[in-house]
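I have placed the structure first, in the form of structure tokens, so that the comments after it can refer back to it.
Residue numbering restarts at 1 for every chain, and letters A, B, ... go by the order of the sequence lines. When reading the values below, keep in mind they use all heavy atoms of this one structure, side chains included, and skip hydrogens, waters and symmetry mates.
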Amino acid sequence: MTRRLKREYYLGDNVVSIARSLLGKILITNINGVITGGKIVETEAYSGLVDKASHAWPNKKTARTKVMFEPGGIAYVYLCYGIHKLFNIVTNKKGKPDAVLVRAIEPTLGIEHIIRRRMAKKLSKQLSSGPGKVSACLGIEIDHNQESLTGGKIWIEDSKESDHTIVETTRIGVDYAAEDALLPWRFYIKDNSYVSR
DNA sequence: TCGACGATGACCT
DNA sequence: GGTCATCGTCGAA
């Protein structure tokens with residue numbers, strides 16, 4: 001069985017280890033009563049204090065990034081390229097702007113709704129293999145920004161699964177971050193076909 | 001105000 | 001491999 005992660009989980013001060021430990025857990029949404037979810041198979045860590053790739057670097061608080069300065073356990077959702085909604089998990093204590101980007105899931109719950117949202121005919125590996133696709137599958141919108149992850153709309157459940165091998169590598173699409181683009185802060189489950197790229 | 005530019009994805013060749 | 005849709009954000013003016 002599975003159980004919902006508690007607030008304390010998200011308050012941890014090591015966003016990199018949280019990003020790694022989120023692999024295999026189940027991300028679930030309840031959007032107007034429609035429940036969908038999937039196993040997290042790919043994540044990336046972003047740390048506002050030390051990481052040029054983070055929107056909140058260097059400890060930069062703006063209208064957009066202020067949600068990352070809140071205590072962990074809430075969502076940071078923003079619009080990328082004017083089209084895609086990217087879902088992040090805010091971590092760490094108040095004033096420490098860390099977040100984990102969920103890049104891919106393996107659908108496990110409400111698969112018929114996921115297929116409908118993606119306007120597909122059937123389940124395929126390409127439905128949820130990318131951060132914009134994850135939000136599209138789960139019905140995550142911009143106005144879920146700052147939504148609590150311990151409430152009734154978006155949450156994460158633990159899983160007993162632990163037999164996967166984790167691959168760590170560099171993050172995607174952050175070349176602008178110069179040397180920080182080389183940090184091994186992207187994690188995915190080895191051989192899982194829902195991983196992006 | 002204004003303009004450059006994305007933590008992407010779909011579609012094309 | 002390449003192109004481009006599309007718009008909020010942020011720093012410059």
Side-chain angles (χ1 to χ4, degrees), chain A residues 10 14-20 22-23 27 38 40-70 72 74-92 96-107 114-147 149 154 156 167-189 193-197:
Chain A
Y10 301 104
N14 188 335
V15 66
V16 176
S17 72
I18 292 175
R20 184 190 285 109
L22 281 167
L23 294 178
L27 174 62
I40 297 171
V41 300
E42 181 179 353
T43 60
E44 287 180 358
Y46 289 85
S47 184
L49 274 179
V50 298
D51 170 22
K52 289 180 183 171
S54 170
H55 293 157
W57 183 86
N59 211 29
K60 182 178 69 177
K61 198 175 201 172
T62 66
R64 180 172 64 154
T65 65
K66 69 176 194 294
V67 59
M68 284 197 269
F69 289 79
E70 294 297 309
I74 59 177
Y76 167 42
V77 185
Y78 78 98
L79 189 66
C80 186
Y81 292 99
I83 306 170
H84 310 292
K85 299 131 196 168
L86 270 57
F87 170 74
N88 297 251
I89 296 153
V90 174
T91 68
N92 214 334
K96 308 279 190 175
D98 288 349
V100 176
L101 172 67
V102 177
R103 287 193 57 89
I105 62 169
E106 176 180 333
I114 288 174
I115 291 169
R116 173 177 49 77
R117 283 179 178 143
R118 297 281 287 124
M119 293 178 284
K121 293 265 195 298
K122 58 182 178 56
L123 184 63
S124 78
K125 295 160 186 169
Q126 303 160 65
L127 282 194
S128 55
S129 58
K133 299 178 189 177
V134 168
S135 297
C137 283
L138 299 182
I140 294 172
E141 300 292 338
I142 293 300
D143 57 6
H144 293 118
N145 189 38
Q146 217 162 352
E147 183 74 29
L149 301 182
I154 308 175
I156 298 174
V167 178
E168 53 177 75
T169 180
T170 53
R171 294 170 294 180
I172 305 287
V174 296
D175 291 347
Y176 61 86
E179 70 275 13
D180 287 342
L182 302 176
L183 292 170
W185 283 6
R186 173 176 175 236
F187 304 97
Y188 63 87
I189 295 178
S193 56
Y194 289 87
V195 171
S196 70
R197 311 269 166 124

**Prompt:** How far apart are the C-alpha atoms of A:Phe187 and A:Glu168, what are their side-chain angles, what is the distance that settles it, and do they pass the side-chain contact (heavy atoms from CB on, under 4.5 Å) test?
**Reply:** CA-CA 5 Å; A:Phe187 304 97; A:Glu168 53 177 75; 3.5 Å; yes

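Here A:Lys60 lies in heavy-atom contact (under 4.0 Å) with sugar-phosphate atoms only.
Across all strands shown, nothing is found opposite C:dT6 as a Watson-Crick or G-U wobble partner with both distances under 3.5 Å.
Partner of A:Ser135 under the side-chain contact (heavy atoms from CB on, under 4.5 Å) criterion, out of A:Ile142, A:Val102, A:Leu86, A:Ile140: A:Ile140 alone. The residue from A:Met68, A:His55, A:Lys61 that alone fulfils the side-chain contact (heavy atoms from CB on, under 4.5 Å) condition with A:Pro97 is A:Met68.
Residues passing the side chain to side chain contact (heavy atoms under 4.5 Å, CB included) test with A:Thr170, sequence neighbours excluded: none.
You can see that DNA chain C meets the heavy atoms of chain A within a 4.0 Å-exclusive cut from C:dA5 to C:dG11, reading 5' to 3'.
The two residues A:Arg117 and A:Gly139 have their closest heavy-atom pair at NH1-N, 3.6 Å.
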**Fill in**
The contact string for nucleotides 1-13 of chain B, one letter per nucleotide 5' to 3', using protein heavy atoms under 4.0 Å with B, S and - for base, sugar-phosphate only and none, comes out as -----BBBSS---

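Listed for the A:Thr91 side chain is no donor-acceptor partner under 3.5 Å among the backbone atoms of A:Val15. Although no hydrogens or angles enter the test, the distance criterion places no donor-acceptor pair under 3.5 Å between the side chain of A:Lys85 and the main chain of A:Val77.
Atoms NE2 and CZ, on A:His144 and A:Phe87 in that order, are 10.0 Å from each other to the nearest 0.5 Å.
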